[in-house]
Amino acid sequence: MARRKQNPSPTGNEVIRWVGIAFIVLITFFFAVKSLSAFLRHSSLFMVRDIVIAETLGGMDVEEFQALKGRNIFEVDPARLEESIRSKHPRLADIKILRRFPNQIAIGGFLRETVALASFNGRVQAVSRDGYLIGAPEAEADTLPVIKGLQKQKVHAGVPVADERLTTALQIIDFAARDRVLADAGLRSVNID
């Protein structure tokens, strides 16, 4: 007897058809994502036009902020930019950079307040309330008390002072500023030796 040819099962044809459809959908999705990505990167709609700097930064003018104008908002890496600016500006206590779509960058943060001057290795440096070296004193720093007797250390702006006795000196300065009699007399220096 002659054998009959078996018809391919309908389930095998269905699987091949669904695999083909899935492949076409994946290819279409890939090209759609690629096209959308190109549009987002090159569209003038997403070019940075405005830089909004918080008032708490005291009108800080940083070159990096102005360099953002005209760049695509997706090219701006907020974390990397924050780190770069923080390393260059020791007065910054905190900085946060946010993208505001479609074309704005918002910059917020706080500056450290100079409360005293500290004498290190014959050099005078501004010190913030939280014990960080801010850098060279500003012109109006003449009225600030000078902290003397700190341990010798390498002086770098933007780093905390290694000598733990600085905290005590800052507490004394804070107490003197809040006390009416001492505030009127004006504290000129604190020697913590």
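This one's a predicted model, so the numbers in the text were calculated from it and none came from an experiment.
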| said: Would you say that more than 12 heavy atoms from the other residues, nucleotides or ligands in this model lie under 6.0 Å from the CZ of Phe29, or not? | reply: no
| query | Which is it for Val115 and Leu170 under the side chain to side chain contact (heavy atoms under 4.5 Å, CB included) test, yes or no, and what are the steps along the way? | reply | CA-CA 8 Å; Val115 294; Leu170 291 173; 3.7 Å; yes
| said: Whether the side chain of Glu113 engages the backbone of Ser128 through a donor-acceptor N/O pair (distance < 3.5 Å, no angle test) should be reported. | reply: no
| task | Give, for atom CG of Leu98 and atom CZ of Arg100, the distance between the pair rounded to the nearest 0.5 Å. | result | 7.0 Å
| said: If hydrophobic clusters are built by linking Ile, Leu, Val, Met, Phe, Trp and Tyr wherever their side-chain heavy atoms come under 4.5 Å apart, do Val33 and Ile27 end up in the same one? | reply: no
| Nearest heavy atoms of Asn103 and Leu45, plus distance in Å | CB-O, 3.8 Å
| Which atoms form the tightest heavy-atom contact between Ser189 and Lys148, and what is the distance? | CB-CE, 4.3 Å
| field | Lys/Arg-Asp/Glu bridge criterion (N-O < 4.0 Å) met for Arg180, Asp184 | value | no
| field | Nearest non-hydrogen partners of Ala116 and Ile173, listed with the distance | value | CB-CD1, 3.6 Å
| Nearest-0.5 Å distance, NE2 of residue His42 to CE of residue Met47 | 8.5 Å
Give the table of side-chain donor-acceptor pairs shorter than 3.5 Å for residues 65-74, with sequence neighbours excluded, one pair per line with atom names and distance.
from, atom 1, to, atom 2, distance (Å)
Arg71, NH2, Glu75, O, 3.2
Asn72, OD1, Phe74, N, 2.7
Asn72, ND2, Leu40, O, 2.9
Asn72, ND2, Arg41, O, 2.6

| Cluster overlap Val146 with Leu144, hydrophobic side-chain contacts below 4.5 Å | yes
| query | Linking I/L/V/M/F/W/Y whenever their side-chain heavy atoms sit closer than 4.5 Å, directly or via other members, would Leu81 and Leu92 fall into one cluster? | reply | yes
| request: To the nearest 0.5 angstrom, please state how far the CD atom of Gln171 sits from the CZ atom of Arg129. | output: 11.5 Å
| said: Is there a continuous path of hydrophobic side-chain contacts, each under 4.5 Å between heavy atoms, that joins Trp18 to Leu26? | reply: no
| query | Minimum heavy-atom separation for Ile134 to Ala157, with atom names? | reply | O-CB, 3.8 Å
| field | Heavy-atom side-chain proximity of Phe110 to Leu57 below 4.5 angstrom | value | no
| task | Before giving the answer on side chain to side chain contact (heavy atoms under 4.5 Å, CB included), spell out for Ile192 and Thr168 the whole-Å C-alpha distance, their side-chain angles and the decisive distance to 0.1 Å. | result | CA-CA 8 Å; Ile192 57 173; Thr168 305; 5.6 Å; no
| query | Do Arg86 and Asp94 come close enough that some side-chain heavy atom pair is under 4.5 Å? | reply | yes
| What is the minimum heavy-atom distance between Pro78 and Arg99, and which atoms define it? | CD-NH2, 3.6 Å
| note | Separation between CD1 (Ile107) and CD1 (Ile85), nearest 0.5 Å, reads 6.0 Å
| query | How long is the span from the NE2 atom in His89 to the CG atom in Leu111, to the nearest 0.5 Å? | reply | 10.5 Å
| field | Residues Arg17, Glu14: salt bridge by 4.0 Å N-O rule | value | yes
| request: Verify, without hydrogens or angle tests, whether Arg188 (side chain) and Pro145 (backbone) share a donor-acceptor contact under 3.5 angstrom. | output: no
| task | Give the cluster check for Phe101 versus Val48: same hydrophobic cluster or not, with ILVMFWY residues linked at side-chain heavy-atom distances below 4.5 Å. | result | yes
| Is there a donor-acceptor pair closer than 3.5 Å between any side-chain N or O of Ser35 and the backbone N or O of Phe31? | yes
| query | Step by step, would you call Leu166 with Leu150 a side chain to side chain contact (heavy atoms under 4.5 Å, CB included)? | reply | CA-CA 7 Å; Leu166 178 69; Leu150 293 169; 4.2 Å; yes
| task | To the nearest 0.5 angstrom, please state how far the CG atom of Asp174 sits from the CG atom of Asp179. | result | 11.5 Å
| Is the backbone N or O of Gln151 less than 3.5 Å from a side-chain atom of Asp163, with the two atoms forming a donor-acceptor pair by type? | yes
| request: Applying side chain to side chain contact (heavy atoms under 4.5 Å, CB included), run through Ile105 and Ile97 and close with a yes or a no. | output: CA-CA 7 Å; Ile105 299 289; Ile97 299 175; 3.8 Å; yes
| request: Can you see which heavy atom on Pro90 is nearest to which on Arg112, and at what distance? | output: O-NH1, 3.2 Å
| query | Any donor and acceptor pair, going by atom type alone, linking the side chain of Thr56 with main-chain N or O of Gly109 inside 3.5 Å? | reply | yes
